[in-house]
Amino acid sequence: MQTIAIQMLVVWNWMMSHLIYINLVLSIIIVFFQRRDPKAVWTWLLALYFIPVFGILFYLLLGQDMRKNKMFRVKEIEDRMRYSIKNQEEFLKSNDMSLVTSLSRDYADLVYYNLETSGSVLTVDNDVTIFTDGEKKFSDLRNELSMAIHFIHLQYYIIKDDEVFDSIIPILIERANAGVEVRILCDGMGGRFMAKSKWRILKDNGVKVGIFFPPILGRLQLRVNYRNHRKIVIIDNRVGYVGGFNIGREYISKDPKFGYWRDTHLKLIGGSVLSLQIRFALDWNYAAGENLFKHMRYFCESDNENCLECLGVVDLERGNKKLGIQIIASGPDAGSRQIRDNYIQLFSKAKDHIYIQTPYFVPDDAVLTALHIAAKSGVDVRLMIPCKPDHPFVYWASYSYVGDLLSAGAKCYTYENGFLHAKGVMTDGKVSSFGTANMDIRSFELNFEVNAVIYDEETTKKLEALFIEDLKVCKEITREIYEERGILIRIKEQGSRLLSPLL
């Protein structure tokens, strides 16, 4: 113990004697070698020079940029998807969107953008079931898991060692013993409190477990940013799930700290499930080192070796007017902020209304500007956030940005019936986007996220009806109420807002 203390003292003394040079090197890296928002650059530089020691530690924990990292790419998927992407691009350029969905060509540019920037193929043979209650979602999930024949792929940001996971484990073991391939992917931060004995039991029964960016020393997680925040389940390519629910007792409203847990999760059937499977396979390849793209059985309902190449193509050419979905993903490895850019597109296209539900509202300048323009143009912009924080820093920053929306004429509400964790946008009763991404900088830039963009009036109107129903248990934040905030609250808000670029 004494030796460790001596070594730490030596390191401390070395840092103190070389502090100027360390700051200089980090400053050069931040300014010249990392593509950042100018506001974030200045915030980091101020942190380095005004709180040098802690600034260095914060940067090592929070500030590293992975945007140029290509370790999440798999060449096989890029080669096999090229035909589908090219075919859809040509079809959209030469045909009206109304040939394939109930929507007009007004949203063709958004479909095309997703296709061009990230290869997000449009599928139109989908059905969607919406879950807002954890008990119902997990009951349905357990039922579908028990019917798995070929494989089960589960990916969650948080998996807690409690009764919710305990209710799933026996099903996974039973299916694995019956010959079903079972894989579980969990984030190293979100799953850090899971008992190793539980993972061992699963592995001993044939379940494969992958940890995304695992802790280095026991439960100590030095990498705060770049977490895999996705929640995806795929069963036999027959059914998929994506949304806000993690695995834990609070998500079934059994944590008295939060009370009722209001979330939104989607159950998908159709071609969009294969798109979720591709997303899972890319993450699994990195975390577990197993390239699933070498085995087409994970991507086909039959022995068709061309199923990836033809994803979404046949239905477009047939003019199958069912529910259109694009699965879009974003993360620090991507070249663009895919989900953020989709939100901006939806805001700019809105003519009548924009409804937003998010537990954290810390937008960047582009998103905030788009909402300002919409609200000042007469669009009914409504934001719903929780009435209580699960992360106080982000909560106070969110409340600060509420003032910006109110000044533009938007309406803002706090959900009073427990905790709001739903993450989504609905516009004009036509298009909606729900999934794992919060309306904040962390989701836009630093975490790995996935959303389903739904081009369907019926589904979007169902989601909007749920939003309107939630308003009955909300409290409106009027401009008068907002201006009555105490000085301590204002200090908390502005301090949190100033620190938000450090995320």
Side-chain angles (χ1 to χ4, degrees), residues 34-37 40 64-74 77-78 81 85 110-122 155-157 185 187 189-190 212-213 223-232 242-244 264 266 272 275-287 325-348 356 358-368 370 394 422-425 431-454 500-501 503:
Q34 295 193 352
R35 191 186 68 190
R36 291 185 179 276
D37 183 275
Q64 302 166 65
D65 194 345
M66 290 176 55
R67 216 177 309 280
K68 295 180 181 179
N69 202 322
K70 305 301 181 184
M71 60 187 174
F72 300 96
R73 296 175 62 180
V74 178
I77 182 62
E78 294 176 357
M81 289 292 292
I85 295 169
L110 180 58
V111 175
Y112 189 78
Y113 173 80
N114 291 330
L115 198 59
E116 275 281 295
T117 56
S118 64
S120 300
V121 173
L122 173 69
Q155 176 177 356
Y156 283 92
Y157 170 57
L185 179 57
D187 182 78
M189 176 74 79
F212 195 94
F213 287 155
R223 192 190 296 271
V224 178
N225 287 333
Y226 311 126
R227 307 315 317 179
N228 197 315
H229 196 241
R230 294 166 182 150
K231 300 97 177 168
I232 296 172
V242 63
T264 299
L266 307 177
S272 58
S275 295
L276 283 179
Q277 172 75 329
I278 292 169
R279 186 66 266 164
F280 172 88
L282 288 167
D283 288 348
W284 179 263
N285 176 71
Y286 169 75
I325 290 179
Q326 279 181 302
I327 299 298
I328 60 172
S330 63
D333 59 316
S336 62
R337 303 170 189 174
Q338 191 75 13
I339 294 177
R340 193 251 353 217
D341 293 348
N342 270 252
Y343 287 156
I344 293 173
Q345 276 266 46
L346 290 175
F347 298 157
S348 65
I356 302 169
T358 180
Y360 319 124
F361 184 70
V362 187
D364 60 14
D365 290 341
V367 171
L368 196 59
V394 185
K423 312 159 190 299
V425 167
V431 177
S432 48
S433 177
F434 272 82
T436 70
N438 299 305
M439 190 73 65
D440 68 355
I441 297 170
R442 180 172 292 277
S443 281
F444 294 158
E445 297 191 33
L446 300 175
N447 286 343
F448 297 85
E449 307 281 4
V450 60
N451 270 27
V453 183
I454 305 170
S500 61
L503 295 175

Q | Stepwise side-chain contact (heavy atoms from CB on, under 4.5 Å) test for L122 and L115 | A | CA-CA 8 Å; L122 173 69; L115 198 59; over 6 Å; no
Separation of [Y] [atom2] from [X] [atom1] (nearest 0.5 Å):
X: M439; Y: D364; atom1: CE; atom2: CG; answer: 10.0 Å
X: I339; Y: T436; atom1: CD1; atom2: OG1; answer: 5.5 Å
X: I327; Y: S275; atom1: CD1; atom2: OG; answer: 6.0 Å
X: Y157; Y: N447; atom1: OH; atom2: CG; answer: 6.5 Å
X: R337; Y: I441; atom1: CZ; atom2: CD1; answer: 8.5 Å
X: F212; Y: R227; atom1: CZ; atom2: CZ; answer: 8.0 Å

Q. What's the verdict on side-chain contact (heavy atoms from CB on, under 4.5 Å) for V450 and F280, showing C-alpha distance, side-chain angles and the deciding distance?
A. CA-CA 10 Å; V450 60; F280 172 88; over 6 Å; no
For a quick test of reading the model, state the closest non-hydrogen atom pair linking [X] to [Y] and the distance between them.
X: K231; Y: G244; result: CE-O, 3.8 Å
X: Y343; Y: S433; result: CE2-OG, 3.9 Å
X: N451; Y: A437; result: OD1-N, 3.3 Å
X: Q326; Y: V121; result: CG-O, 3.7 Å
X: D187; Y: G190; result: OD2-N, 3.2 Å
X: N438; Y: F444; result: O-CE2, 3.8 Å

Q | Within the 6.0 Å centroid threshold, strictly below: F213 and Y286 | A | yes
Could you check whether any side-chain heavy atom of [X] comes within less than 4.5 Å of a side-chain heavy atom of [Y], counting everything from C-beta outward?
X: V362; Y: V394; value: yes
X: T358; Y: D440; value: no
X: I356; Y: F347; value: yes

(Q) Using side chain to side chain donor-acceptor pair (under 3.5 Å), reason through Q155 and N228 one step at a time and then give a plain yes or no. (A) CA-CA 9 Å; Q155 176 177 356; N228 197 315; 3.0 Å; yes
